[in-house]
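What follows is a single structure, written as structure tokens, with notes after it.
Fair warning: this is a prediction, and the values are worked out from it, not measured in the lab. All values below come from the heavy atoms of this structure, side chains included, with hydrogens, waters and symmetry mates left out. Along the sequence shown, residues carry numbers from 1.
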Amino acid sequence: MKIPQSVRELLPKAPLAHLTTLNSDGSPQVTVVWIGIENEEFVIGHMAEHKKVRNVRRDARIALSMLGDKINANGLREYVVVYGHARVTEGGAADLLQRLGRIYLGPNDDFPPAAMRNIPGYITRITPTRFAGVGPWNAQGAE
């Protein structure tokens, strides 16, 4: 599924994203992440094999939410919810986090620290299957 231009325009404004994965017992696990886009996938970098990485490896279903920066005509703050399937690839996390760090922490920031840049890490790649929320990405209205 193609990522709407309105969502692409939101990401350079550095919205923190809430990534929801599923634990082995089916309960949700939520974490705040930095998010980027490569081609038609959302990407998240991880320097270690966190719970969210293990969860995605076991069950690819995810939900991702981001708060927008606009108030709509009804006075509601816009937000986007992405439903999709994720996969984890090894390596490249430091480069991705350096790129995202300049968006989230400032153009002169240097994250991760030099001592961690040799760690390959992981990248979660999310293929969206549906967009919801309040905003131009959801023509049907709020969910």
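- For Gly121 against Ala93, the heavy-atom pair with the smallest separation is CA-CB, 3.7 Å.
- For Ala86, the side-chain contact (heavy atoms from CB on, under 4.5 Å) criterion is met by Val56, Ile62, Thr124, Ile126, not counting sequence neighbours.
- Sorted by first then second residue, the salt bridge (Lys or Arg N to Asp or Glu O under 4.0 Å) pairs that include residues 23-38, not counting sequence neighbours, are Glu38-Arg99, Glu38-Arg125.
- Here the shortest heavy-atom pairing between Ala17 and Leu64 reads CB-CD1, 3.7 Å.
- Ile44 places a side-chain heavy atom less than 4.5 Å from the side chain of Leu19.
- Considering only residues two or more places apart in sequence or on other chains, Arg54 meets the side-chain contact (heavy atoms from CB on, under 4.5 Å) condition with Glu49, Lys51.
- Under the side-chain contact (heavy atoms from CB on, under 4.5 Å) criterion, Pro113 pairs with Phe111, Met116, not counting sequence neighbours.
- Among residues two or more places apart in sequence or in another chain, the side-chain hydrogen bond (donor to acceptor under 3.5 Å, both in side chains) test is passed with Asn23 by Ser27, Asn55.
- For residues 65-83, every residue pair satisfying the salt bridge (Lys or Arg N to Asp or Glu O under 4.0 Å) rule, not counting sequence neighbours, is listed here: Lys13-Asp69.
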* To do: Go through the steps for His85 and Arg61 under the test side chain to side chain contact (heavy atoms under 4.5 Å, CB included), then give the verdict.
  => CA-CA 5 Å; His85 295 92; Arg61 296 174 295 169; 4.1 Å; yes
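- No chain of hydrophobic side-chain contacts below 4.5 Å, direct or via other Ile, Leu, Val, Met, Phe, Trp or Tyr residues, connects Ile71 to Tyr79.
- Sequence neighbours left out, not one pair with a member in residues 35-70 passes ring-ring contact (aromatic ring centres under 6.0 Å, His included).
- Among residues two or more places apart in sequence or in another chain, the side-chain hydrogen bond (donor to acceptor under 3.5 Å, both in side chains) test is passed with Arg102 by none.
- Looking at Asn74, its side chain never comes within 3.5 Å of a backbone N or O of Leu76 through a donor-acceptor pair.
- Contacts classified as salt bridge (Lys or Arg N to Asp or Glu O under 4.0 Å) and involving residues 110-119 (residues at least two apart or in different chains) are given here: Asp110-Arg117.
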* Stepwise, does the side chain to side chain contact (heavy atoms under 4.5 Å, CB included) test hold for Phe131 with Asn138? -> CA-CA 6 Å; Phe131 292 89; Asn138 183 7; 6.0 Å; no
* Asked: Is there a side chain to side chain contact (heavy atoms under 4.5 Å, CB included) between Ile37 and Val43 once you walk through the steps?
  -> CA-CA 6 Å; Ile37 294 176; Val43 290; 6.0 Å; no
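- By the 4.5 Å heavy-atom criterion applied to side chains, Val82 and Pro128 are counted as neighbours.
- Ala14 is linked by a side-chain contact (heavy atoms from CB on, under 4.5 Å) to Ile103, Tyr104, counting only residues two or more places apart in sequence or in another chain.
- A donor-acceptor contact shorter than 3.5 Å is absent between the side chain of Asp109 and the backbone of Gly101.
- Ser6 and Pro136 get closest at one heavy-atom pair: CB-CG, 3.5 Å.
- Residues Val53 and Leu22 do not share a hydrophobic cluster, clusters being chains of Ile/Leu/Val/Met/Phe/Trp/Tyr side chains in contact below 4.5 Å.
- The number of heavy atoms from other shown groups lying within 6.0 Å of CG (Asn118) is above 12.
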Check: residues 28-36 side-chain donor-acceptor pairs under 3.5 Å, at least two apart:
from	atom 1	to	atom 2	distance (Å)
Gln29	OE1	Thr21	OG1	3.3

* Kindly indicate, with the supporting measurements, whether the criterion side chain to side chain contact (heavy atoms under 4.5 Å, CB included) is fulfilled by Ile3 and Arg8. => CA-CA 7 Å; Ile3 298 173; Arg8 289 178 179 277; 4.0 Å; yes
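- The list of salt bridge (Lys or Arg N to Asp or Glu O under 4.0 Å) pairs with a residue in residues 80-90, not counting sequence neighbours, reads Glu41-Arg87, Arg57-Glu90.
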